[in-house]
Amino acid sequence: MVTYMHNMQKITTKALICLTRKRKKTIILTTVFLVLSVTMLSGILIYHSIENALKELREQFYGCINVNAVGDENFPLTPNLASLAAEKIGADGFTGVTICYLSVENISLIPGRFTSSGEPAMYLTRLNSCRDSSLARDFTTDALSLSQGRHLAFDDKGKALISENLAEMNGLELGDRITCVVTDDLVTNAKTGLGGKYEFEIAGIYQVKQKQGSSDSRAECDILDNALYIDESTGFQIEKKIWNQSPYYANGLTLWLKDPEKLEHAMQILKDTPEFAPQYYHMESNRAEYDHSSQPMHQTEQILFIFLAAISGIGAVFLIAILSMWNYERMPEIGVLLSLGLKKKIIVLQLLLENSILFLTGFLMAVPLTLLCSLLIGNLGSIEHIALSLGDIFIAGIAVWILCGFSALLSLIRIMKKSPSEIVTTIM
Amino acid sequence: MIKTEDLTFYYHEYRKILEHVSITFEKGNLYAILGASGCGKSTLLSLLGGLLTPKVGKVLYEGTDIAEYGLERHRQDHVGFIFQGYNLIEYMTVAENVALTAKQSPETALQKVGLEKDLWKQNVLKLSGGQQQRVAIARALASDKPVLLADEPTGNLDEDSAQAVLDILKKSAHEEGRCVIMVTHSSALAAEADEIYRYTDSGFQTEDYDLAIFSDTENVPETIHINRNKKDGDIHA
């Protein structure tokens with residue numbers, strides 16, 4: 001161990017002497033390593049930025065599987081069935097939707113087609129009953145966005161979300177109450193419970209982000225600003241009263257997966273579940289939409305990967321060429337060392353150590369340089385997620401170091417394949 | 001100490017460089033190997049130093065075949081090289097060159113070769129040829145190897161420097177008990193050796209007689225008597 005340490009110390013000293021005395025070569029090679037490291041780090045930086053953006057897109061996008069009963073009322077989508085489906089595919093959440101149309105009593109709706117004629121339908125609006133309003137399609141696609149209060153949760157009772165415009169028009173705030181009535185209307189199609197009143201406390205106010213164009217020709221109930229989101233419990237209560245049915249999701253079930261990449265597999269699991277026989281339930285996912293949205297990023301990711309591989313390859317060839325040339329120049333020195341009795345492996349170790357020291361110097365200079373550039377680019381271009389983690393730096397460091405070591409070894413093969421006498425011949 | 005037994009070497013079988021060479025070199029002696037350019041003198045040094053492997057025969061160090069001992073180990077433990085072109089590491093100082101494989105104190109070795117202390121920290125390229133060769137010898141001495149193989153050690157030096165180098169080699173052999181084997185073209189230089197081996201058409205031959213080969217060399221007396229195993233004072237013309 002002492003001998004080993006002593007040898008290592010000698011090798012290190014010799015390597016350092018060589019590097020400090022051969023300044024020109026040291027500077028050139030350090031610059032090569034610096035450029036290579038900056039390229040690698042930048043590549044990893046951009047690669048991770050794309051990966052993060054894709055991750056965010058996935059999280060924002062939310063993969064969903066919509067399940068709808070195929071016309072047969074004998075196979076309704078009950079909450080139990082929905083729970084079973086969610087459990088089977090390991091869904092991150094699910095929400096069933098039941099839509100019913102009731103008339104508002106104590107507020108006015110945003111005027112539409114019926115307001116000018118004064119028809120009763122001018123009070124009729126759509127109530128979207130959902131288990132978790134944050135998972136409702138309009139909110140996940142960002143057509144609507146909660147601006148005040150909170151979303152509706154599974155255990156809510158008598159709560160509602162209304163739009164900013166509707167709240168403003170009627171001077172409503174969080175905590176105020178809205179009353180809805182079951183009216184005899186074709187749209188409501190109520191069998192019983194006519195005149196039944198349901199009161200909702202405003203739990204949240206949402207902003208309509210999706211432009212709908214002129215509302216004059218549109219029925220009041222079709223205007224997004226007029227829609228109310230109500231809790232599932234009250235929704236089921238209304239459903240039971242007016243249609244005399246046990247609770248079920250009349251307008252389908254949506255199962256959510258944070259990672260859209262898992263959609264295909266989840267769909268297959270559902271299709272293989274006997275309770276969801278395809279003849280009774282129709283299923284579709286938004287995978288195609290996700291693929292469409294993420295395609296440019298995936299392509300950029302692939303291009304970048306090829307670019308990084310190419311840079312590594314070209315860098316390696318370039319390094320091998322430079323190192324071969326320089327190491328070949330050092331053949332007389334290697335000959336002298338061999339004749340002095342130094343082992344080939346010791347000489348190789350010294351040359352590798354020299355390259356490693358230069359690589360480390362170049363790499364340590366590259367890290368702050370790349371970080372600075374990433375900050376500048378991030379600030380100038382308002383680009384998020386441009387950051388290097390310690391792990392990235394470590395991985396890049398190891399990768400470039402292996403590349404350098406590999407190049408140095410290849411450059412030495414030509415020399416080391418020679419016999420000592422062939423090498424020493426160059427000096428005799 | 002070190003000897004060859006029926007040594008044959010060639011790069012191409014049809015042109016043998018050395019054939020059936022058996023020579024013994026003893027410690028405490030300075031040997032000179034004479035011969036025309038390309039006759040195989042340096043090849044013999046390479047074989048003795050374990051840089052080449054014999055095609056036939058063997059090199060024995062203290063009775064052991066160096067191939068069995070390991071050529072790398074043989075170079076590490078037994079033989080030191082001194083080259084005509086000095087072959088110092090050009091980016092190192094005098095002291096650093098000597099310290100490369102030093103087992104003895106580099107300072108002592110530098111003192112032995114008479115190199116002034118103020119030169120020790122200088123880059124070797126700033127020294128004269130004679131000084132550089134002394135550094136090379138100091139490097140070989142510092143590595144404390146029993147056999148010194150010198151390939152034309154004075155080939156690039158002027159007369160004074162050549163004499164100084166030769167004196168160091170002689171001292172190393174006679175006072176420190178090393179076996180110093182020197183390849184040279186110079187008959188005058190060879191004349192100072194304890195024993196001369198001359199390569200002729202019939203192989204290496206010991207010259208312990210009037211040397212006819214010197215007769216055509218201007219600066220050398222026509223007859224020189226070299227007595228085998230005699231020290232400095234015993235050599236007489």
Side-chain angles (χ1 to χ4, degrees), chain A residues 2-3 6-29 326-351 353-354 357-358 415-428, chain B residues 9 11 17 41-54 70-93 95-103 123-125 135-136 139-140 142-145 147-153 155 183:
Chain A
V2 177
T3 318
H6 180 67
N7 282 341
M8 280 312 291
Q9 193 189 347
K10 279 183 101 170
I11 291 169
T12 311
T13 310
K14 271 190 278 180
L16 287 174
I17 288 173
C18 176
L19 295 177
T20 48
R21 306 276 164 80
K22 295 188 165 193
R23 283 185 201 153
K24 206 170 163 186
K25 284 184 180 175
T26 299
I27 291 169
I28 293 173
L29 208 54
W326 287 352
N327 286 336
Y328 211 73
E329 267 181 32
R330 291 179 73 176
M331 194 118 97
E333 180 188 337
I334 295 171
V336 172
L337 296 175
L338 282 174
S339 70
L340 291 174
L342 256 76
K343 292 177 179 167
K344 266 187 180 178
K345 66 178 179 188
I346 297 281
I347 298 168
V348 171
L349 203 64
Q350 185 193 322
L351 294 173
L353 188 69
E354 285 173 18
I357 292 170
L358 293 184
I415 298 173
M416 289 308 157
K417 271 169 83 179
K418 289 178 183 285
S419 68
S421 64
E422 281 179 285
I423 299 172
V424 177
T425 306
T426 60
I427 60 175
M428 283 181 103
Chain B
F9 185 83
Y11 290 106
I17 297 170
K41 307 186 295 290
S42 296
T43 304
L44 179 67
L45 279 199
S46 293
L47 287 161
L48 289 170
L51 291 170
L52 288 175
T53 313
L71 299 184
E72 212 168 56
R73 245 178 97 196
H74 173 63
R75 290 198 300 274
Q76 202 172 19
D77 297 342
H78 304 149
V79 294
F81 281 91
I82 298 162
F83 303 97
Q84 179 179 6
Y86 328 129
N87 288 315
L88 301 170
I89 310 289
E90 58 179 27
Y91 56 82
M92 287 184 173
T93 64
E96 286 163 355
N97 262 287
V98 177
L100 267 175
T101 49
K103 285 180 188 158
N123 181 284
V124 286
L125 294 184
V135 176
R139 183 173 67 188
S143 62
D144 200 22
K145 289 165 184 171
V147 180
L148 285 187
L149 303 172
D151 192 7
E152 301 276 5
V183 160

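Computed from heavy atoms alone, side chains included, the values below leave out hydrogens, waters and symmetry copies. So that the names make sense, note that chain A is the first sequence line, chain B the second, and so on, each numbered from 1.
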Chemist: Look at the rings of B:His78 and B:His74 and say which category their plane angle falls in: under 30° parallel, 30 to 60° tilted, over 60° perpendicular.
Modeler: perpendicular
Chemist: Sort B:Arg73 into side chain, backbone, both or neither according to what part of it lies under 4.5 angstrom from a heavy atom of chain A.
Modeler: neither
Chemist: Where does B:Glu96 contact chain A at under 4.5 Å (heavy atoms): side chain, backbone, both or neither?
Modeler: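 Answer is side chain: those atoms of B:Glu96 sit under 4.5 Å from chain A.
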Chemist: Checking heavy atoms, do the side chain of B:Leu100, its backbone, both or neither come under 4.5 Å from chain A?
Modeler: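 Interface part for B:Leu100: both.
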Chemist: At a 4.5 Å cut-off on heavy atoms, which part of A:Lys22 comes close to chain B: side chain, backbone, both, or neither?
Modeler: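 Just the side chain, heavy atoms under 4.5 Å.
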Chemist: Please flag which part of B:Ala140 lies under 4.5 Å from any non-hydrogen atom of chain A: side chain, backbone, both or neither.
Modeler: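 Neither part.
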Chemist: Is the closest basic N to carboxylate O distance between A:Lys14 and A:Glu333 below 4.0 Å?
Modeler: no
Chemist: If we check side-chain contact (heavy atoms from CB on, under 4.5 Å) with A:Leu338, which of these qualifies: A:Ile334, A:Leu340, A:Val336?
Modeler: A:Ile334
Chemist: Side chain, backbone, both or neither: which part of B:Thr43 has an atom under 4.5 Å from a heavy atom of chain A?
Modeler: neither
Chemist: So B:Leu149 and B:Arg75, do their side chains get closer than 4.5 Å, heavy atoms only?
Modeler: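 SC-SC contact between B:Arg75 and B:Leu149 ruled out.
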Chemist: Is there a salt bridge (charged side-chain N to carboxylate O under 4.0 Å, His left out) between A:Glu354 and A:Lys25 once you walk through the steps?
Modeler: CA-CA 11 Å; A:Glu354 285 173 18; A:Lys25 284 184 180 175; over 6 Å; no
